[in-house]
2 protein chains.
Amino acid sequence: MFMTDICVECAVRDQSLCGSLTDAELIALNSLGRRQTVARGETVIWAGDESIVCANLLAGVLKLSASTADGREQIVGLLYPADFVGRPYAEKSDFTVTALTDAELCVFPRKPFERVLEDHVRMERMLLQRTFSALEEARGRMLMLARNSAEEKIAGFLLGMADRAGSAGCRATASGPLTFDLPLTRGQIADVLGLTIETVSRQLTKLKAAGLIALPGARGVTIRDRAALQAKAEPA
Amino acid sequence: MFMTDICVECAVRDQSLCGSLTDAELIALNSLGRRQTVARGETVIWAGDESIVCANLLAGVLKLSASTADGREQIVGLLYPADFVGRPYAEKSDFTVTALTDAELCVFPRKPFERVLEDHVRMERMLLQRTFSALEEARGRMLMLARNSAEEKIAGFLLGMADRAGSAGCRATASGPLTFDLPLTRGQIADVLGLTIETVSRQLTKLKAAGLIALPGARGVTIRDRAALQAKAEPA
DNA sequence: CGGCTGATTGAATCGCCTCAAAGAGCGTGG
DNA sequence: CCACGCTCTTTGAGGCGATTCAATCAGCCG
């Protein structure tokens with residue numbers, strides 16, 4: 001194995017699907033994969049297009065979105081580093097994938113990737129488990145979208161983002177004030193939660209007024225009272 | 001192979017996951033599977049419980065539901081004959097599975113079923129594809145839940161049920177009036193669409209008043225103007 | 001014939017959306 | 001360097017759609 005192998009220096013080597021492969025097995029994938037950087041706002045896959053590629057997300061945040069015939073949009077999932085992108089064995093893409101932040105992908109042509117999958121049962125099994133997890137998450141999101149109030153949605157969303165940011169290590173204190181930057185605009189948060197920009201803004205302002213959070217700068221968020229937020233997110 | 005083999009007389013033999021197996025391979029599954037009938041209203045799997053079984057649905061309709069801590073419920077999926085039930089490789093169940101009609105299942109203990117899956121790559125691959133389809137459906141449902149009006153939800157729901165009933169062959173005419181029975185109560189429709197009972201009832205009444213549908217009996221529905229319904233479901 | 005579950009209908013309320021305008025942050029070019 | 005324009009955000013006023021609460025009605029079974 002050469003030092004030029006892209007997998008060797010892969011930041012998500014162990015968390016991604018590839019974690020199921022031995023170094024030897026990686027060689028096949030290695031020759032297949034191609035690093036690709038995408039700028040914030042750029043769309044990687046268009047809904048309805050032919051399904052050409054699969055990928056592992058190395059860095060950044062992507063959104064998965066769907067929209068109605070008359071243009072109403074809904075973000076149906078967010079993808080974080082080490083997440084898998086695309087749908088093997090499908091001829092066309094169902095959803096649009098767009099970069100919310102500058103991002104980096106490890107892209108594979110779909111057909112050859114399917115062959116690798118077929119040759120490596122452990123990897124395919126891992127993909128199955130990931131897909132089940134994604135399904136579970138999607139269904140949980142359905143409950144949230146259909147049954148939670150705007151306040152519950154915002155509180156839950158902030159907690160979710162805080163957990164992610166926390167593990168990414170902005171500040172380690174679990175219960176104390178945690179500050180992080182949202183990778184989404186108000187409009188994108190609205191698209192995730194099934195609300196409007198104005199409602200998102202109003203709810204955030206309300207939580208700030210109540211002292212549960214602070215909003216340093218347009219993108220920053222500080223969790224000041226996690227317990228109270230949790231109570232708003234999940235009323236007994 | 002003996003005539004007592006349950007797979008031989010299986011109504012969904014070719015449509016289900018098992019369709020990927022040869023008759024010889026079926027023998028292993030055959031000894032594992034157990035027919036189980038469940039009555040309308042009965043719950044097969046409880047959310048949070050240990051994940052003990054997987055199954056193929058042979059007949060009837062099941063609902064997959066989630067609920068908030070304070071009891072608001074959302075149906076996150078419906079299961080029809082030949083659909084797969086459960087989640088292999090997971091230690092606990094995420095959602096509650098309940099029979100909406102009297103139903104019949106072909107149940108497998110999870111652990112042994114996983115072993116069969118591991119031994120039959122084609123079947124596992126088929127499950128992967130099914131799971132991707134379920135994910136796609138769930139995400140489409142998210143768009144519907146978050147962005148469609150009550151009228152759009154009801155119109156779309158009726159069309160979906162009509163398609164199912166149509167293929168099951170109540171009456172073959174594609175564009176003419178099609179009559180079928182809903183397997184769901186108003187309350188359950190409300191849980192599917194993220195509405196309330198009253199809203200469902202009002203929207204149905206409105207569509208009836210507009211002459212797009214008729215409502216013969218509590219459970220019956222007649223599609224009188226499919227094109228108009230389609231227009232309500234999917235405004236350009 | 002009650003008693004039950006499910007469906008319908010009405011009235012009033014409220015939460016979120018729509019429309020509208022103003023303010024903040026930020027990069028660009030004069 | 002600062003004014004300008006852009007995008008994103010905040011805030012307000014008003015309206016509408018769906019919910020909530022409540023009462024009646026229909027079908028079904030014992």
Side-chain angles (χ1 to χ4, degrees), chain A residues 39-42 63 68 70-74 98 100-102 144-158 181-210 213-221 232 235, chain B residues 39-41 63 68 70-74 98 100-101 144-158 181-210 213-221 232 235:
Chain A
R40 178 180 143 80
E42 220 175 300
K63 72 170 182 183
T68 60
D70 60 338
R72 286 166 286 176
E73 184 189 355
Q74 177 62 41
T98 307
L100 292 179
T101 66
D102 290 344
M144 180 276 289
L145 284 169
R147 300 301 187 192
N148 281 12
S149 69
E151 182 179 52
E152 289 164 359
K153 287 177 180 177
I154 293 287
F157 175 78
L158 289 177
D181 282 328
L182 294 172
L184 291 77
T185 68
R186 298 290 188 266
Q188 287 161 345
I189 296 173
D191 284 341
V192 171
L193 301 180
L195 299 170
T196 59
I197 286 185
E198 298 94 325
T199 301
V200 171
S201 183
R202 274 186 252 269
Q203 292 297 331
L204 285 173
T205 306
K206 209 174 77 177
L207 290 176
K208 185 175 75 173
I213 62 170
L215 298 171
R219 284 291 169 74
V221 178
K232 297 253 185 206
Chain B
R40 178 180 143 81
K63 72 170 183 182
T68 61
D70 59 338
R72 286 166 285 177
E73 184 188 355
Q74 177 63 41
T98 307
L100 291 179
T101 65
M144 180 275 288
L145 285 170
R147 301 301 187 193
N148 282 13
S149 68
E151 183 179 52
E152 288 164 0
K153 287 177 181 178
I154 292 287
F157 174 79
L158 288 178
D181 281 329
L182 294 171
L184 291 76
T185 67
R186 299 290 188 265
Q188 288 161 346
I189 297 173
D191 284 340
V192 171
L193 301 179
L195 299 169
T196 59
I197 287 184
E198 297 93 327
T199 302
V200 171
S201 182
R202 275 186 253 269
Q203 292 296 333
L204 285 173
T205 306
K206 210 174 76 178
L207 290 176
K208 184 175 75 173
I213 62 171
L215 298 171
R219 282 292 170 73
V221 178
K232 297 252 184 206

Engineer: If you assign B/G187 and A/S149 each to the DNA chain C nucleotide with the nearest heavy atom, which residue ends up on the more 5' nucleotide?
Structural biologist: B/G187
Engineer: With distance as the sole test, does B/Q74 use its side chain to make a donor-acceptor pair with the main-chain N or O of B/V192 at under 3.5 Å?
Structural biologist: yes
Engineer: Within this structure, what is the CZ-to-P distance between B/R40 and C/dT5, rounded to whole angstrom?
Structural biologist: 13 Å
Engineer: D/dC8 C1' sits how many Å from A/L100 CG, rounded?
Structural biologist: 15 Å
Engineer: A/R72 side chain to B/R147 main-chain N or O, any donor-acceptor pair under 3.5 Å?
Structural biologist: yes
Engineer: From D/dT9, C/dT9, C/dC16, pick the nucleotide closest to the side chain of A/Q203?
Structural biologist: C/dC16
Engineer: Please report, rounded to the nearest Å, how far the P atom of C/dT8 is from the CG atom of B/L207.
Structural biologist: 12 Å
Engineer: Could you check whether the side chain of A/Q188 and the base of D/dC8 have a donor-acceptor pair of N or O atoms closer than 3.5 Å, going by distance alone?
Structural biologist: no
Engineer: Calculate the interatomic distance between A/I213 atom CD1 and D/dT10 atom P; express it in whole Å.
Structural biologist: 10 Å
Engineer: Mind checking A/G41 for me? I need base, sugar-phosphate or nothing, with any heavy atom below 4.0 Å counting as a touch.
Structural biologist: nothing
Engineer: Start with the C-alpha gap between A/L204 and A/R186, add the side-chain angles, then the distance that decides, and say whether side-chain contact (heavy atoms from CB on, under 4.5 Å) holds.
Structural biologist: CA-CA 10 Å; A/L204 285 173; A/R186 298 290 188 266; 3.3 Å; yes
Engineer: Heavy-atom count around B/K63 NZ within 6.0 Å, excluding the residue itself: above 12?
Structural biologist: yes
Engineer: Between the base of C/dC16 and the side chain of A/E151, is one N or O donor paired with an acceptor at under 3.5 angstrom?
Structural biologist: no
Engineer: Is the phosphate of C/dT9, meaning OP1 or OP2, less than 4.0 Å from a side-chain N or O of B/T205?
Structural biologist: yes
Engineer: Nearest-nucleotide wise, let me know which of A/V200 and A/R147 is further upstream toward the 5' end of DNA chain D.
Structural biologist: A/V200
Engineer: With respect to the side chain of A/L215, which nucleotide from D/dT19, D/dT10, C/dC16 is positioned closest?
Structural biologist: D/dT10
Engineer: Report yes if a side-chain nitrogen or oxygen of B/T196 is closer than 4.0 Å to either non-bridging phosphate oxygen (OP1 or OP2) of D/dT19; otherwise report no.
Structural biologist: yes
Engineer: Can you tell me how far P of C/dT18 sits from CG of A/L195, to the nearest Å?
Structural biologist: 11 Å
Engineer: Can you confirm whether A/T199 sits close enough to A/L193 that some side-chain heavy atom of one is under 4.5 Å from a side-chain heavy atom of the other?
Structural biologist: no
Engineer: Report the distance from atom CZ of A/R219 to atom C1' of D/dT9, rounded to the nearest whole Å.
Structural biologist: 11 Å
Engineer: Rounding to an integer number of Å, can you tell me how far A/L193 CG sits from C/dG15 C1'?
Structural biologist: 16 Å
Engineer: Could you tell me how far apart B/K153 (NZ) and D/dT19 (P) are, to the nearest whole angstrom?
Structural biologist: 7 Å
Engineer: Between B/N148 and A/I197, just flag the one whose closest nucleotide in DNA chain D comes earlier from the 5' side.
Structural biologist: A/I197
Engineer: Of all the choices, D/dT20, C/dC16, C/dA7, which nucleotide is nearest to the side chain of B/T185 once you look at every atom?
Structural biologist: C/dA7
Engineer: Is there a side-chain contact between A/T199 and the phosphate of C/dG15, meaning an N or O under 4.0 Å from OP1 or OP2?
Structural biologist: no
Engineer: Roughly how far, to the nearest 0.5 Å, is CZ of A/R202 from CG of A/L195?
Structural biologist: 11.5 Å
Engineer: Nearest of D/dC21, D/dT9, C/dT18 to any side-chain atom of A/E198?
Structural biologist: C/dT18
Engineer: Are B/S201 and C/dA7 close enough that a side-chain N or O sits under 4.0 Å from OP1 or OP2?
Structural biologist: no
Engineer: Using only heavy-atom distances, decide whether a donor-acceptor pair under 3.5 angstrom links the side-chain of B/R202 to the base of C/dG10.
Structural biologist: yes
